[in-house]
Structure formats: C-alpha cells, structure tokens
Amino acid sequence: MADNARAKKLADLIREVVAEKLQRGIKDPRLGTHVTITDTRVTGDLREATVFYTVYGDDEDRAAAGAGFQSAKGVLRSAVGAAAGTKFTPTLTFVADALPENAKTIEELLDKARASDAKVRETSSGADYAGGADPYRKPDADDDAADEAAGPAKDEDDTSA
C-alpha cells in the first residue's frame, strides 16, 4: 500500500499531464478549449486514477467530450506513464464533474433565501417592538423607596440568629 502523500503527488502529476496534453497534444475537436480538468483522485494502491472534468457548453458538448476522452484514453495514459516513471501506470477513468450543477443549485437556493429575507424585511419595515423599544425592566423610583423601607434582606442560610 502506498501512503496518502504519494497518491496525492501522483494525482497532482496526472492532473497536470492530462491538462497539458489536452492543451497541446490532442487534436480532437471534442476536447477543445472548453474542457477543464478540475480534480484527480488516485486509489491507495496507485492502480486506478479518476480524472474529473467540466465542459463549458450544453449536454451535447458534454457527451462529445466524454466520447473524446474515451478515444484519447490510451494516449493520455501513455503520457502519464512517461511523466510518472512508476512501475505501473494507473488506468484512467474520466468522470464529468457535477460541480457546475451543484453551484447552480446553491445559487438558486441563495436567491430563494435572499427573496425570503427581502419579504421579511418588507413586512417588518413599519412594525413596532412587541414589548416596547427597550424590553428590559428598569426599577422605578417607587420600587427603590419600597426596598429601602423593608430593610436589609435576611439570608435563609444564616442560622446564627
């Protein structure tokens, strides 16, 4: 078993090599400038690597990029093997990253929360406090006089009397 630092180092190398090869070595038009490598993960035994990518475009462009990665898998694995210099070159699996969809969902939820906050702000704009502006009770002058007339308070725990 390899340690996590070695797997992380290999994952970073794979990400850089695949991105460089996509930019300069692969002539497939399906893998043009609208494809971005977002992350790479390698298993603990360094035998399999998963490469996550995003595609700027619609579903048709995503499907075309997936087919392009499948056809270029051998060339990309050879480039990784030459750069890594390891005994065994990991097999590459390409997965479309769900990051853009997740970001879109989060943005929609934030917009919904902003609209709800604006509605609450609008509703409470002319409202008055339920207990007045200062909800804390302050001693009146009458209460102070009554306390002084009663004298000092006795402790219940004081048994010396």
Side-chain angles (χ1 to χ4, degrees), residues 1-140:
M1 279 259 138
D3 60 327
N4 287 338
R6 187 170 178 194
K8 175 72 173 137
K9 192 174 183 181
L10 183 61
D12 291 343
L13 177 73
I14 291 171
R15 185 177 62 243
E16 290 174 13
V17 168
V18 170
E20 179 72 23
K21 196 71 173 166
L22 284 177
Q23 187 178 21
R24 297 180 190 213
I26 304 289
K27 302 297 182 200
D28 193 343
R30 299 175 291 187
L31 300 174
T33 58
H34 57 279
V35 176
T36 303
I37 304 299
T38 56
D39 192 19
T40 306
R41 295 187 187 148
V42 178
T43 59
D45 60 357
L46 306 179
R47 295 283 181 158
E48 297 176 14
T50 305
V51 179
F52 295 93
Y53 66 92
T54 59
V55 180
Y56 182 74
D58 56 1
D59 290 335
E60 185 178 311
D61 292 335
R62 289 184 191 97
F69 275 119
Q70 289 304 316
S71 69
K73 187 183 286 192
V75 173
L76 293 172
R77 185 171 181 218
S78 297
V80 167
T86 57
K87 181 177 181 180
F88 182 81
T89 303
T91 59
L92 300 178
T93 305
F94 295 95
V95 177
D97 200 352
L99 185 69
E101 290 82 18
N102 291 344
K104 184 178 178 184
T105 303
I106 289 172
E107 277 299 320
E108 289 172 356
L109 291 172
L110 287 173
D111 288 341
K112 193 176 187 181
R114 284 186 199 106
S116 175
D117 287 348
K119 185 177 179 182
V120 168
R121 209 174 303 116
E122 180 182 316
T123 303
S124 66
S125 64
D128 196 15
Y129 294 104
D134 189 8
Y136 300 105
R137 188 172 164 192
K138 293 188 173 103
D140 295 334

Sequence neighbours excluded, which residues qualify as side-chain hydrogen bond (donor to acceptor under 3.5 Å, both in side chains) partners of Arg41? Asp39
Thr89: partners by side chain to side chain contact (heavy atoms under 4.5 Å, CB included), with sequence neighbours left out: Arg77, Val80
Just to verify, what does Gln70 make a side-chain hydrogen bond (donor to acceptor under 3.5 Å, both in side chains) with, not counting sequence neighbours? Lys73
Should Tyr56 and Thr54 count as side-chain neighbours, where that means a heavy-atom distance under 4.5 Å? no
Asp117: partners by salt bridge (charged side-chain N to carboxylate O under 4.0 Å, His left out), with sequence neighbours left out: none
Mind checking side-chain hydrogen bond (donor to acceptor under 3.5 Å, both in side chains) for Thr43 and listing every partner two or more places apart, or none if nothing turns up? Asp45
SB check Arg15 Asp12 (cutoff 4.0 Å): yes
So, does Thr36 use its side chain to make a donor-acceptor pair with the main chain of Thr38 at under 3.5 Å? no
So, using side chain to side chain contact (heavy atoms under 4.5 Å, CB included) as the criterion, who are the partners of Glu16 when residues are at least two apart? none
Which pairs, with at least one residue in residues 54-70 and sequence neighbours excluded, count as a salt bridge (Lys or Arg N to Asp or Glu O under 4.0 Å)? Asp59-Arg62, Arg62-Glu101
With Phe69 via ring-ring contact (aromatic ring centres under 6.0 Å, His included) - residues at least two apart: Tyr53, Phe94
For residues 25-47, the ring pair (Phe, Tyr, Trp, His ring centres under 6.0 Å) pairs (sequence neighbours left out) are none
Under the side chain to side chain contact (heavy atoms under 4.5 Å, CB included) rule, collect the residues that match up with Ser78, sequence neighbours excluded. none
Listing request: all ring pair (Phe, Tyr, Trp, His ring centres under 6.0 Å) pairs with a residue in residues 13-33, at least two apart in sequence or in separate chains. none
Contacts of Gln23 meeting side chain to side chain contact (heavy atoms under 4.5 Å, CB included) (sequence neighbours excluded), chain-then-number -> Glu20
